[in-house]
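Counting starts at 1 for both ligands and their atoms, following the listed order. From a predicted model like this one, the values you see are computed outputs, not experimental measurements.
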Amino acid sequence: MKALEGVRILDFTHVQSGPTCTQLLAWFGADVIKVERPGVGDATRKQLVDVPGADSLYFTMLNHNKRSLTLNTKTPEGKGVLERLIRECDVLVENFAPGALDRMGFGWERVQELNPCMIMASVKGFGPGPYEDCKVYENVAQCAGGSASTTGFLDGPPLVTGAQIGDSGTGLHLALGIVTALYHREKSGRGQRILAPMQDGVLNLCRVKLRDQQRLAAGPLKEYSQYGENIPFGDATPRSGNDSGGGQPGRILKCKGWEEDPNAYTYFITQAAVWQKICDVIGKLEWKEDPDFTTPDARLPRLNEVFDAIEQWTMTKTKFEVMEICNPLDIPVGPILSMKELAEEPSLRETGTIVEVDHPERGKYLTVGCPVKLSDSPVDVARSPLLGEHTEEVLALLGYSEAEVASMREAGVI
Ligand code: COA
């Protein structure tokens with residue numbers, strides 16, 4: 001039995017943030033019924049298309065293990081179906097633009113009337129405040145949540161990151177809210193409303209940068225490279241390039257082959273506990289006794305000198321050789337892995353983190369499986385549904401007769 005077996009989700013999500021959340025719930029065993037507009041579906045089905053006529057990877061990789069029901073919820077019959085679905089389901093998840101669900105006639109009050117046990121979970125760009133009515137996509141959230149202003153190099157513009165912390169990150173937050181509310185419902189017997197604003201989710205992931213904002217009041221941030229470079233700090237947390245975000249200085253350093261290979265780099269952390277071993281490895285034996293280098297505090301103004309010397313060594317090794325030499329010595333390093341390397345990594349295939357899926361329209365493709373492993377609730381990744389693939393099945397479950405289904409189909413309701 002899967003962990004969330006018996007939980008039924010009315011999945012009114014689209015694009016990335018909401019689908020990330022409901023895909024996780026489906027992986028943990030919930031029955032996720034994705035409601036999509038007839039003939040159109042989730043906009044991502046036809047975005048960034050690589051196989052003409054087939055659902056895009058954008059869609060398939062975010063909608064595994066779900067059922068698809070097509071339904072025009074703006075028609076009276078469609079609203080009737082939606083009402084029955086709300087009565088039958090435990091959770092309604094949505095990430096429409098602010099106000100869209102109210103305009104459809106299914107605001108929180110109406111949902112509660114229909115099913116007081118219903119948990120209604122929403123992703124929005126912003127929480128209550130000046131921007132609450134805005135439509136928001138990933139990079140807007142990264143910018144408004146503090147990630148962009150703290151990412152990049154000091155002498156460059158703010159940068160967005162490839163990790164989809166606004167969309168997928170908020171989807172993760174929402175999933176936690178939902179399972180928490182399900183747990184709470186066991187005791188209270190009532191549903192509740194959950195809001196996961198993308199700005200808040202990004203800010204939560206940028207927590208250490210708000211930490212640094214407050215530390216600025218006590219003086220310069222000594223672990224930032226700019227401290228050793230004698231560049232004064234302003235009044236906000238600066239961009240810190242590849243500096244480590246914690247108290248153990250680290251950087252991205254060139255490895256053998258960096259001239260041709262854009263990913264021939266390693267992350268290298270000068271953890272205080274292994275400083276002596278680092279000196280041995282890079283051949284800087286004199287630094288073991290030199291008061292300018294022996295303690296972490298002494299090294300802070302000299303990080304450029306330290307990392308330049310380490311890089312002279314890493315440039316003589318491949319990123320994997322650096323790993324092989326440093327790991328047994330407990331020196332924390334990590335190769336910069338390309339998507340190609342990750343896709344081909346056998347251990348990730350074995351753990352089910354990279355999964356090959358077969359799809360009737362597009363054939364085989366790779367996806368990222370469930371990144372959270374439960375020992376008693378293993379995940380089997382099943383392909384995403386075709387548009388409306390389960391419409392009849394779901395309507396039968398709701399008690400509609402074949403004749404009623406046929407008439408709804410003729411009227412374009414489903
Ligand atoms: N039947 C009938 N109408 C449907 C429907 C269905 N099954 N499903 C959706 N619709 C309607 C909605 O009711 C809405 O209609 P309305 O605006 O007339 O009230 C309309 O489709 C469009 O919804 P909307 O959410 O505004 O889509 P969009 O493509 O214009 O905007 C986003 C996309 C992502 C910008 C927006 O949904 C948003 O800001 N969401 C919240 C934040 C978020 O999750 N962003 C990240 C996305 S990865």
Looking only at distances, can you tell me whether any N or O atom of [X], backbone or side chain, sits closer than 3.5 Å to an N or O atom of ligand 1?
| X | value |
| --- | --- |
| K124 | no |
| V35 | no |
| V123 | no |
| Y137 | no |
| D167 | no |
| V15 | no |

- Query: Checking side-chain contact (heavy atoms from CB on, under 4.5 Å) for the pair T13/K34: CA distance, chi angles, key distance, verdict?
  - Reply: CA-CA 7 Å; T13 70; K34 185 169 172 108; 4.1 Å; yes
- Would N95 and S17 count as having a side-chain donor-acceptor pair, cut-off 3.5 Å?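 There is such a pair (donor and acceptor under 3.5 Å, judged by atom type) between the side chains of N95 and S17.
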- Query: Do we see a donor-acceptor contact under 3.5 Å between the side chains of E138 and Q16?
  - Reply: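 On atom types as modelled, these side chains do not qualify, holding no pair under 3.5 Å.
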- Query: Are F96 and F12 an aromatic pair by the rule of ring centers under 6.0 Å?
  - Reply: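 They qualify: ring centres under 6.0 Å apart.
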- Query: Please walk me through it: do L101 and L92 pass side-chain contact (heavy atoms from CB on, under 4.5 Å)?
  - Reply: CA-CA 11 Å; L101 216 52; L92 186 162; 4.2 Å; yes
To check your reading of the model: name the closest protein heavy atom to [atom], its residue, and the distance in Å.
| atom | result |
| --- | --- |
| atom 30 (O) of ligand 1 | K135 NZ, 2.4 Å |
| atom 26 (O) of ligand 1 | A97 CB, 3.2 Å |
| atom 22 (C) of ligand 1 | R37 NH2, 4.4 Å |
| atom 17 (O) of ligand 1 | R103 NH2, 3.2 Å |
| atom 39 (O) of ligand 1 | V136 N, 3.2 Å |
| atom 9 (C) of ligand 1 | F96 CE2, 3.3 Å |
| atom 7 (N) of ligand 1 | L71 O, 2.8 Å |
| atom 40 (N) of ligand 1 | N95 O, 2.9 Å |

- Message: In this structure, does ligand 1 have an atom that sits under 4.0 Å from one of the heavy atoms of A43?
- Response: no
- Query: Touching ligand 1 at all, E138? Heavy atoms, strictly under 4.0 Å?
  - Reply: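 Contact absent.
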Are any of the side-chain heavy atoms of [X] and [Y] separated by less than 4.5 Å?
| X | Y | value |
| --- | --- | --- |
| H14 | E36 | no |
| V274 | Q248 | no |
| W275 | P296 | no |

- Query: Nearest to atom 44 (O) of ligand 1 by heavy atom, S122, S17, P38: which?
  - Reply: S17
- Message: Given 3.5 Å as the limit, does a donor-acceptor pair link the side chain of T266 with the main chain of F268, or not?
- Response: no
- Task: Give a yes or no answer on whether the side chain of E392 reaches the backbone of V405 with a donor-acceptor pair at less than 3.5 Å.
- Result: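 Between the backbone of V405 and the side chain of E392 there is no qualifying donor-acceptor contact (under 3.5 Å).
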- side-chain contact (heavy atoms from CB on, under 4.5 Å) assessment of R215 paired with L221: CA-CA 7 Å; R215 288 173 60 226; L221 306 171; 3.7 Å; yes
With heavy atoms under 4.0 Å as the rule, classify the contact between [X] and ligand 1 as side chain, backbone, both or neither.
| X | value |
| --- | --- |
| T170 | neither |
| Q16 | both |
| M104 | side chain |
| N72 | both |

- Message: Quick check on contacts: which atoms of ligand 1 are under 4.0 angstrom from a heavy atom of H14?
- Response: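 This gives 25 (O), 27 (O), 33 (C), 37 (O) as the contact atoms.
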- How are the rings of W27 and H64 set relative to one another: parallel (under 30°), tilted (30 to 60°) or perpendicular (over 60°)? parallel
- Message: Looking at D50, I want to see if its CG is surrounded by more than 12 non-hydrogen atoms of other residues, nucleotides or ligands under 6.0 Å.
- Response: yes
